[in-house]
A.B. asks: 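Below are the structure tokens for one structure; questions will follow.
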Amino acid sequence: MATRPCLQNSEINNFQQRRYVIGKKIGQGTHATVHLAKFFDGNSSRTIKLACKIFDKENAPKDILRCFPRELEILTKLDNPHIIHVHKILQRGPKFFIFMRYAENGDLLDFIQQTGPVPEKLSKLWFHQMISGLHYLHKLNIAHRDLKCENILLTNKFHIKLADFGFARYCVNAEGRRILSQTYCGSAAYAAPEIVANIPYNPKLADVWSLGVILFIMLNGIMPFNDKHLHKLLKDQWNKKWAFQPKIRHLISAAAKNLVKKILEPDITLRYTVDRIMSHEWVCMKTEKCCLNSEENSAPVVHHEVITKVNYK
């Protein structure tokens with residue numbers, strides 16, 4: 001059952017002075033909780049509905065604490081239509097309150113569990129928005145490293161927002177040289193074979209693999225690989241042992257199947273990069289691109305907040 005946050009009176013008063021109100025809990029992660037929140041905009045006299053991620057440093061393990069400052073830094077740099085927008089970051093003692101845009105229609109996993117496979121036309125639209133957001137990240141030399149259906153959010157108009165940058169990191173060092181990742185990040189079912197095999201990996205290509213898993217799930221309604229046994233998972237990944245369900249295989253275009261094949265490629269020298277994906281025939285059809293870049297367009301299915309600097313006070 002959703003509960004109200006355990007906030008001290010001083011915290012409540014401080015947020016009210018800043019015109020923020022934190023409401024009931026709507027999500028629970030390993031090291032943070034997510035609550036509904038509101039912001040009263042004095043300039044427009046309107047109330048903005050937000051989500052608030054509450055992270056308590058006192059209860060977080062050391063490895064998460066090492067990553068958290070990087071997450072905050074990355075969040076304050078991002079400004080893209082298909083990445084969740086941060087409204088404000090505040091700190092009260094050991095607690096950090098990250099106010100961000102509220103996704104009214106939940107996440108992609110819930111959507112698929114409720115409706116089944118996503119029709120190809122809509123899958124194409126959503127995938128284009130995902131790859132546009134990921135392309136933006138990779139251009140900044142930032143890798144997400146935890147792409148999965150639960151971290152793909154849907155707005156009130158059913159537009160895509162990439163979210164949860166707890167495992168995000170830079171892909172180059174201070175000298176601008178590419179660096180490999182060695183940390184096992186994310187969920188095994190979405191992890192690239194090089195991560196499962198526990199070898200240093202290119203985080204951008206690992207992101208691509210995860211996005212390929214998401215595309216497969218949208219089109220197919222189920223996971224491409226079973227993650228209950230990692231040894232078998234890795235073997236299936238290397239042997240490309242995945243297949244579309246027979247009952248829907250004939251409904252999926254050859255171009256979509258080809259793109260999935262190019263992304264779920266265990267050989268990193270052959271796996272498509274984001275740039276190659278964006279130029280693939282299934283993604284770049286002109287008839288699908290005209291309404292992808294603006295939240296002002298009508299909803300693609302049935303039927304910008306400004307990022308502020310981190311405030312540590």
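Keep in mind that the numbers below use all heavy atoms, side chains included, and drop hydrogens, waters and symmetry copies.
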A.B. asks: Mind checking whether Leu140 and Ile74 have side chains closer than 4.5 Å, heavy atoms only?
C.D. replies: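 They are not in contact (no side-chain heavy atoms under 4.5 Å apart), so the answer is no.
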A.B. asks: Which pairs of donor and acceptor atoms, one on a side chain in residues 54-62, lie under 3.5 Å apart (sequence neighbours left out)?
C.D. replies:
residue : atom : partner : partner atom : Å
Asp56   : OD1  : Glu58   : N            : 3.0
Asp56   : OD2  : Asn59   : ND2          : 3.2

A.B. asks: Using side chain to side chain contact (heavy atoms under 4.5 Å, CB included) as the criterion, point out the one residue from His87, Lys161, Lys49 that pairs with Arg101.
C.D. replies: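 Considering His87, Lys161, Lys49, a side chain to side chain contact (heavy atoms under 4.5 Å, CB included) with Arg101 is found only for Lys161.
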A.B. asks: Heavy atoms, side chains only, cut-off 4.5 Å: are Tyr20 and Phe40 in contact?
C.D. replies: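 A side-chain contact is absent here, since even the closest heavy-atom pair is not under 4.5 Å.
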A.B. asks: Please output the side-chain donor-acceptor pairs of residues 214-228 that fall under 3.5 Å, not counting sequence neighbours, one pair per line with the distance.
C.D. replies:
residue : atom : partner : partner atom : Å
Asn220  : OD1  : Gln245  : N            : 2.8
Asn226  : OD1  : Lys228  : N            : 2.9

A.B. asks: Report yes if the side chains of Leu108 and Met130 come closer than 4.5 Å at any heavy-atom pair, otherwise no.
C.D. replies: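 Yes, close enough: below the 4.5 Å cut-off.
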A.B. asks: Which of these, Asp107, Leu109, Ile160, sits in a side chain to side chain contact (heavy atoms under 4.5 Å, CB included) with Ile152?
C.D. replies: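 Answer to the side chain to side chain contact (heavy atoms under 4.5 Å, CB included) test with Ile152 among Asp107, Leu109, Ile160: Ile160.
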A.B. asks: Stepwise, does the side chain to side chain donor-acceptor pair (under 3.5 Å) test hold for Lys157 with Asn105?
C.D. replies: CA-CA 8 Å; Lys157 291 187 177 181; Asn105 284 302; over 6 Å; no
A.B. asks: State, with a plain yes or no, whether a side-chain heavy atom of Lys204 is found less than 4.5 Å away from one of His138.
C.D. replies: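 Sidechains of His138 and Lys204: in contact.
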A.B. asks: Should the pair Arg169-Glu73 be classified as a salt bridge under the 4.0 Å nitrogen-to-oxygen rule?
C.D. replies: no
A.B. asks: Is Glu120 salt-bridged to Lys257, going by a charged N under 4.0 Å from an acidic O?
C.D. replies: no
A.B. asks: Would you call the rings of Phe99 and Phe15 parallel, tilted or perpendicular, taking 30° and 60° as the class edges?
C.D. replies: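 It falls in the perpendicular class, over 60°.
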A.B. asks: With side chains defined as the heavy atoms from C-beta onward, is the minimum distance between Asp79 and His85 less than 4.5 Å?
C.D. replies: yes
A.B. asks: Pair up each side-chain donor or acceptor in residues 142-149 with any protein partner under 3.5 Å, not counting sequence neighbours, and list the distances.
C.D. replies:
residue : atom : partner : partner atom : Å
His144  : ND1  : Asp146  : N            : 3.0
His144  : ND1  : Leu147  : N            : 3.4
His144  : NE2  : Ala163  : O            : 2.8
His144  : NE2  : Asp164  : O            : 3.0
Arg145  : NE   : Phe167  : O            : 2.8
Arg145  : NH1  : Ser181  : OG           : 3.3
Arg145  : NH2  : Phe167  : O            : 3.1
Asp146  : OD2  : Asn151  : ND2          : 3.4
Lys148  : NZ   : Ser187  : OG           : 3.3

A.B. asks: I'd like to know whether the aromatic ring centres of Tyr201 and Trp209 sit less than 6.0 Å apart in this structure.
C.D. replies: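 No; Trp209 has its ring centre 6.0 Å or more from that of Tyr201.
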A.B. asks: Between the side chains of Asp267 and Arg271, is the shortest nitrogen-to-carboxylate-oxygen separation below 4.0 Å, so that they form an ion pair?
C.D. replies: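 No, Arg271 and Asp267 are not salt-bridged.
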